[in-house]
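Input: a single structure, listed below in structure tokens.
Excluded from the calculations below are hydrogen atoms, water molecules and symmetry mates; all remaining heavy atoms, backbone and side chain alike, are included. These numbers were taken from a predicted model, which means no experiment stands behind them.
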Amino acid sequence: MKYGAVKNFINGNFITINSDRMFPVISPSDGTFLTELPCSSASDLNLAVSASAAAFQSLSKTPIKERVQVFFRYKFLLEKNIDELAALGSEENGKTIGESIAEIEKCIELTEFACSLPQLVTGEILEVSKGVECRCEKVPLGVVASIVPFNFPTMVPNWTIPNAIALGNCMIIKPSEKVPLSLGKIALLLKEAGLPDGVFNIVHGDAEIVNAICDHPGIEAVSFVGSTKAAQMVYRRATQNLKRCLALGGAKNHLLVLPDATPDMTAQNVTASMSGCAGQRCMAASMMIGVGTIDHIVEKICAEARKLVPGTNLGAVINKASKERIERYINEAERDGAKILVDGRNAVVSGKEHGTYVGPTVIDNVRPDMVIAKEEIFGPVICIIRTNTIDEALAIENTNPYGNAASVFTQNGGAARYVMEKASAGMLGVNIGVPVPREPFSFGGWNESKFGVGDITGKSSIEFWTKLKKSTVKWNPEAGINWMS
Ligand code: NAD
């Protein structure tokens, strides 16, 4: 075992977890046994909630301009430690070092946004009648929880950590049991940046501790990012317990490619979108719908895909079960009549034989009724469906139950506008393979890709992490008593 057993981080200290239920943490890159993760119990969670509640007493009284000073320092620490963080993220998640560096750069951008929050959360005040003022301000919720997936060990946690804490909340985060290490380093950087003990806590475990979080009366709000099945369960459970909840789920993103699309640029974007982070992004292209004659673009996509070499410029998928699941989808599609143009099955990287790699895969002649066209694959696979009209393509996009992203590739502004109007997804792109809105814009899908109101990042997240306090004030005796009194 390369590292010591995973510990919780509570009240500024790493604490041993006593449990018989253990998860091995294996590097997807080469199969190295990194560590083991014991599952926290309800009493471990109680410790974290008590530490958070105590820290909230002083954090909530600290002015926001003072609170964000920690995040200015944290941003510089992320920059200073980018190589170490990227290496750790890559080791536990399997993505390439370049992708890991990009992930930390995104954490830096998220933190910069949190540093700007004092400019965005000023309240409102108005003299509503002579001598009577109404004032409205955004105040923190208290102890909040963030439950995160494996595919971005640092970025998804940083969707929530800087904003929630800068806005005055104390946080308990539950990392993915598949990638628990990066958040330990993040905890140390937050401490070094001057975050008071108890404001940020880590509790490790699996679904059992997530349920305990949803049930805990001391936790005011739960944010969740993961698969749709788990997002639905968490949303139901947390809201049933009268908590505020925002739960982001899985995705199946469609790229519409029109015959007038610029061939090279389109091929590069489609391939990068389907293969980045080995296809394990909730914004990854999964389906490409060609409208009309697009054979010349498909040829270029295959050429781009063949440039991807597992273990070199294409990372691993998270584990053996995931590799087997992805290959099963490809087998089924082939059996049902789809044509495998580029085949990533049975990829083995020399010297990393225990790594879990899937090569780039391009599948043509996919029909909308095939399983591979309906379910989230989460691997470096693009499926191509052929249609004759934009409306046919949109009908396929519209009937998929998810709604994270959709993009169109074309040089025709009218056609692009038509697709933007009709696509049923929260994040849309024109000539962009991964249409992630950047700060200060917010991130969040529609339909079964998100449960709850508002988005998880950017300006929209302010509403999630705060509640409104409205005060009506009368100092002037001239105001007297009237119908409003
Ligand atoms: P996952 O749902 O298996 O796990 C996510 C988190 O939920 C983990 O912390 C896990 O311990 C916990 N969990 C798992 N099963 C649970 C259950 N039954 N009840 C309560 N908690 C449970 O997801 P994953 O495999 O870690 O991540 C991949 C998924 O996340 C994909 O579906 C991907 O699309 C999605 N994702 C979505 C977004 C988005 O913004 N919509 C972003 C990143 C990832």
Of the non-hydrogen atoms in [X] and [Y], which two are nearest, and what is the gap between them?
| X | Y | result |
| --- | --- | --- |
| Glu92 | Ser182 | OE2-OG, 2.6 Å |
| Ser461 | Asn163 | OG-ND2, 3.1 Å |
| Asn201 | Ala48 | ND2-O, 4.0 Å |
| Ile104 | Leu78 | CG2-O, 4.1 Å |
| Ala164 | Val144 | CB-CG2, 4.4 Å |
| Glu99 | Lys95 | OE1-CB, 3.3 Å |

Check salt bridge (Lys or Arg N to Asp or Glu O under 4.0 Å) between [X] and all other residues, then give those that pass, not counting sequence neighbours.
| X | result |
| --- | --- |
| Glu304 | Lys307 |
| Glu376 | none |
| Lys374 | none |
| Lys75 | Glu79, Glu112 |

Pairing of [X] and [Y] as salt bridge, 4.0 angstrom limit:
| X | Y | answer |
| --- | --- | --- |
| Glu324 | Arg328 | no |
| Glu332 | Arg335 | no |
| Asp44 | Lys7 | no |

Can you check whether [X] reaches [Y] side chain to side chain, under 4.5 Å on heavy atoms?
| X | Y | value |
| --- | --- | --- |
| Ser40 | Lys174 | no |
| Phe443 | Cys282 | yes |
| Met288 | Ile301 | yes |
| Asn313 | Thr96 | no |
| Val156 | Pro149 | yes |
| Val270 | Val362 | no |
| Asn253 | Ser407 | no |
| Pro153 | Leu181 | no |

Counting N and O atoms only, with roles assigned by atom type, does the side chain of [X] sit under 3.5 Å from a partner on the main chain of [Y], one being a donor and the other an acceptor?
| X | Y | result |
| --- | --- | --- |
| Thr35 | Gly4 | yes |
| Thr361 | Gly344 | yes |
| Thr387 | Gly290 | yes |
| Asn241 | Lys243 | no |
| Ser275 | Pro380 | no |

Side chain to side chain contact (heavy atoms under 4.5 Å, CB included) evaluation trace for Thr160 with Trp465: CA-CA 9 Å; Thr160 59; Trp465 297 121; 3.8 Å; yes
ring-ring contact (aromatic ring centres under 6.0 Å, His included) partners of residues 316-364, not counting sequence neighbours, each pair once: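 Qualifying pairs, neighbours excluded: none.
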Side chain to side chain donor-acceptor pair (under 3.5 Å) assessment of Ser322 paired with Asn319: CA-CA 5 Å; Ser322 175; Asn319 54 27; 4.5 Å; no
Sequence-distant partners of [X], side-chain contact (heavy atoms from CB on, under 4.5 Å), two or more places apart:
| X | result |
| --- | --- |
| Glu208 | Arg21, Asp206 |
| Asn269 | Met265, Phe409 |
| Asp260 | Leu258, Thr410, Gln411, Asn412 |
| Asn365 | Lys339 |

Side chain to side chain donor-acceptor pair (under 3.5 Å) between Ser100 and Ser90, worked out: CA-CA 6 Å; Ser100 253; Ser90 187; 4.5 Å; no
Worked check of side chain to side chain contact (heavy atoms under 4.5 Å, CB included) between Asn404 and Met427: CA-CA 6 Å; Asn404 240 21; Met427 294 172 279; 3.9 Å; yes
Residue Phe441 excluded, over 12 heavy atoms near CZ under 6.0 Å: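 Not more than 12 within 6.0 Å, no.
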Worked check of salt bridge (Lys or Arg N to Asp or Glu O under 4.0 Å) between Glu334 and Arg345: CA-CA 12 Å; Glu334 188 175 42; Arg345 288 172 288 187; 3.1 Å; yes
Parallel, tilted or perpendicular: ring planes of Phe9 versus Phe200, cut at 30 and 60 degrees: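 Plane angle between 30° and 60°, so tilted.
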Reported CE-to-SG distance for the pair Met155 and Cys277, which is rounded to 0.5 angstrom: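 Answer rounded to 0.5 Å: 8.0 Å.
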Intermediate values then yes/no, side chain to side chain donor-acceptor pair (under 3.5 Å), Ser460 and Asp455: CA-CA 5 Å; Ser460 179; Asp455 284 339; 4.6 Å; no
I'd like a table of donor-acceptor pairs (distance under 3.5 Å, sequence neighbours excluded) in which one partner is a side-chain atom from residues 222-236, with atom names and distances.
{"from": "Thr228", "atom 1": "OG1", "to": "Gly250", "atom 2": "N", "distance (Å)": "2.8"}
{"from": "Thr228", "atom 1": "OG1", "to": "Glu448", "atom 2": "O", "distance (Å)": "2.8"}

Set of residues satisfying side-chain hydrogen bond (donor to acceptor under 3.5 Å, both in side chains) with respect to Asn151, sequence neighbours excluded: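 In terms of side-chain hydrogen bond (donor to acceptor under 3.5 Å, both in side chains), with neighbours along the sequence ignored, Asn151 is linked to no residue.
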Partners passing side-chain hydrogen bond (donor to acceptor under 3.5 Å, both in side chains) against Thr32 (at least two apart in sequence or in another chain):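 Listed in chain order: Asp30.
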Arg244 and Glu220: CA distance, side-chain angles, deciding distance, side chain to side chain contact (heavy atoms under 4.5 Å, CB included) verdict: CA-CA 7 Å; Arg244 192 178 280 205; Glu220 300 294 328; over 6 Å; no
Trace of the salt bridge (Lys or Arg N to Asp or Glu O under 4.0 Å) decision for Glu109 with Lys106: CA-CA 5 Å; Glu109 183 177 50; Lys106 182 65 200 179; 2.8 Å; yes
Derivation and outcome, side chain to side chain contact (heavy atoms under 4.5 Å, CB included), residues Ile165 and Tyr74: CA-CA 12 Å; Ile165 295 177; Tyr74 174 62; over 6 Å; no
